[in-house]
Amino acid sequence: MYLKICGLRTAEHIEVALASGADAIGFVMNRTSSRRVDVDQARRLVAVVAGRADTVLVVNDMPADEAARIAQQVGIDVVQLHGPRYDAAAFADALAIVPRVWRATSLADDPDLSVGAFGEEVLLLDAPKPGSGETWDLSALVERAPAGKWLLAGGLNPDNVAEAIATAKPWGVDVSSGVESAPGEKDSFRIAAFAAAARDA
Ligand SMILES: O=C(O)c1ccccc1NCC(=O)[C@H](O)[C@H](O)COP(=O)(O)O
């Protein structure tokens with residue numbers, strides 16, 4: 001079970017996530033997010049990860065090519081284009097700069113659940129409002145879960161992730177709010193508990 005912990009902003013919580021078995025560390029560059037980091041912060045945090053996991057730049061209000069250039073500049077492995085504003089041309093713009101792009105969407109926004117539809121390496125299926133901690137009805141996935149590398153996200157937490165995995169049978173999971181003690185404030189114990197619950201699912 002591939003595990004992404006998203007919205008990290010401190011070396012302390014990156015180390016906890018890595019020690020807990022995280023395969024990916026997400027950094028958010030969204031103007032209004034409580035988890036946002038700037039380019040200099042991202043550069044420093046990438047150095048903390050030091051190749052021990054995939055690093056992911058998460059954007060939804062920035063042009064795809066700008067996000068790709070930032071990722072290339074600071075050494076982030078993956079660009080996660082989040083939401084319906086990113087069409088096939090946007091993915092092509094990003095892929096012309098970096099080799100690894102992920103597509104994040106919701107069932108409401110995009111009925112095309114085929115991994116790779118826009119050249120993405122991984123498809124992330126999320127609640128309609130990203131980073132909100134809101135859960136969504138996974139029953140629609142029981143018959144329509146995609147084949148290949150896809151991440152389940154949206155309102156996951158240490159208490160519900162095992163059931164979510166059993167229901168949707170994803171390739172991996174992604175979490176942000178569910179491992180926080182307050183908006184933007186990651187909680188080491190919840191990170192470890194989430195990772196253990198996902199691993200044991
Ligand atoms: O996390 C954010 O603040 C955010 C803001 C704007 C666009 C995307 C954002 N996060 C994307 C992610 O990959 C989150 O991990 C995912 O939406 C799950 O979030 P949560 O429901 O809080 O676990």
So, Asn30 versus Thr32: side-chain donor-acceptor pair below 3.5 Å or not?
yes
Closest heavy-atom pair, Ser132 versus Ser177, reported as atoms and distance to 0.1 Å, is C-OG, 3.7 Å
Working to the nearest 0.5 Å, report the span between CG of Leu8 and CG of Leu45.
8.0 Å
Main chain of Ala11, side chain of Glu15: is a donor-acceptor contact present, judged purely on distance under 3.5 Å?
no
Whether Asp54 side chain and Val78 backbone form a donor-acceptor pair below 3.5 Å:
no
Separation between CG of Leu81 and CE of Met62, rounded to the nearest 0.5 Å:
10.5 Å
Any heavy-atom pair between the side chains of Leu123 and Trp102 that's under 4.5 Å?
no
Roughly how far apart are Ile5 CD1 and Leu18 CG, rounded to 0.5 Å?
10.0 Å
Can you find a side-chain donor-acceptor pair between Ser176 and Lys186 that sits under 3.5 Å?
yes
Would you give the length of the straight line joining atom CD1 of Ile25 to atom SG of Cys6, rounded to the nearest 0.5 angstrom?
9.5 Å
Working to the nearest 0.5 Å, report the span between CE of Met29 and CZ of Arg35.
15.5 Å
Can you tell me which residue pairs pass the ring pair (Phe, Tyr, Trp, His ring centres under 6.0 Å) test with a partner in residues 139-174, sequence neighbours excluded?
Tyr2-Trp171
Side-chain heavy atoms under 4.5 angstrom apart, residues restricted to Ile, Leu, Val, Met, Phe, Trp, Tyr: same cluster for Val173 and Ile191?
yes
Is there a path of hydrophobic side-chain contacts, each under 4.5 Å between heavy atoms of I/L/V/M/F/W/Y residues, joining Val28 to Val39?
no
Does a side chain donor of either His13 or Asp187 reach within less than 3.5 Å of an acceptor in the other side chain?
no
List the steps, then state whether side chain to side chain contact (heavy atoms under 4.5 Å, CB included) holds for Glu185 with Arg9.
CA-CA 9 Å; Glu185 298 301 322; Arg9 297 188 299 141; 3.2 Å; yes
With heavy-atom distances below 4.5 Å as the criterion, would you say the side chains of Lys169 and Val142 are in contact?
no
Side-chain heavy atoms of Asp174 within contact of Leu156, under 4.5 Å
no
Answer yes or no: is there a side-chain heavy-atom contact under 4.5 Å between Thr135 and Asn160?
yes
Any side-chain heavy-atom pair of Ser181 and Arg190 under 4.5 Å
no
Is it true that Thr55 and Asp77 share a donor-acceptor pair across their side chains at a distance under 3.5 Å?
yes
Treating Trp136 as the side-chain partner and Gly155 as the backbone partner, does any N or O pair qualify as donor plus acceptor under 3.5 Å?
no
Check: Met1 main-chain N/O paired with Arg199 side-chain donor or acceptor under 3.5 Å
no
Looking only at heavy atoms, what is the nearest atom pair of Val79 and Ala68, with distance?
CG2-CA, 3.9 Å
Considering only heavy atoms from C-beta outward, does the side chain of Val175 approach that of Asn157 to under 4.5 Å?
no
Closest non-hydrogen atoms of Asp126 and Ser106, given as atom of the first, atom of the second and distance, are O-CB, 3.2 Å
What do the steps show when you test Val101 against Phe118 for side chain to side chain contact (heavy atoms under 4.5 Å, CB included), and what is the final call?
CA-CA 9 Å; Val101 180; Phe118 289 168; over 6 Å; no
Taking Arg144 for the side chain and Leu141 for the main chain, is one N or O donor matched with an acceptor at less than 3.5 Å?
no
Heavy-atom side-chain proximity of Leu151 to Val122 below 4.5 angstrom
yes
Atom of Ala168, atom of Leu152 and distance for their closest heavy-atom approach
CB-CD2, 4.0 Å
Checking side chain to side chain contact (heavy atoms under 4.5 Å, CB included) for the pair Leu124/Thr105: CA distance, chi angles, key distance, verdict?
CA-CA 6 Å; Leu124 187 148; Thr105 188; over 6 Å; no
Is there a path from Phe194 to Ile14 through hydrophobic residues (I, L, V, M, F, W, Y) whose side chains come within less than 4.5 Å of each other?
yes
On a heavy-atom basis, the closest approach of Ile70 and Leu57 is CG2-CD2, 4.0 Å
In plain terms, say whether Glu121 and Arg103 are close enough for a salt bridge, that is, a side-chain N and a carboxylate O under 4.0 Å apart.
no
Any chance you could lay out the side chain to side chain contact (heavy atoms under 4.5 Å, CB included) test for Val56 and Phe27, step after step, and finish with the verdict?
CA-CA 6 Å; Val56 183; Phe27 304 124; over 6 Å; no
Indicate if Val115 and Ile165 have the same hydrophobic cluster label, given that clusters are the connected sets of ILVMFWY residues with side-chain heavy-atom separations under 4.5 angstrom.
yes
Has the side chain of Arg52 got a donor or acceptor atom that lies under 3.5 Å from a matching backbone atom of Val48?
yes
What one should report as the nearest heavy-atom pair of Asn60 and His82 is CB-O, 3.0 Å
Can you tell whether the side chains of Arg69 and Asp65 come within less than 4.0 Å, N to carboxylate O?
yes
Do Gln41 side-chain atoms and Asp38 backbone N/O form a donor-acceptor pair below 3.5 Å?
yes
Kindly compute the distance separating CG (Leu113) from CG (Leu107), expressed to the nearest 0.5 Å.
5.5 Å
Would you say that Lys149 contacts Glu120 through its side chain, given a criterion of any heavy-atom pair below 4.5 Å between the two side chains?
no
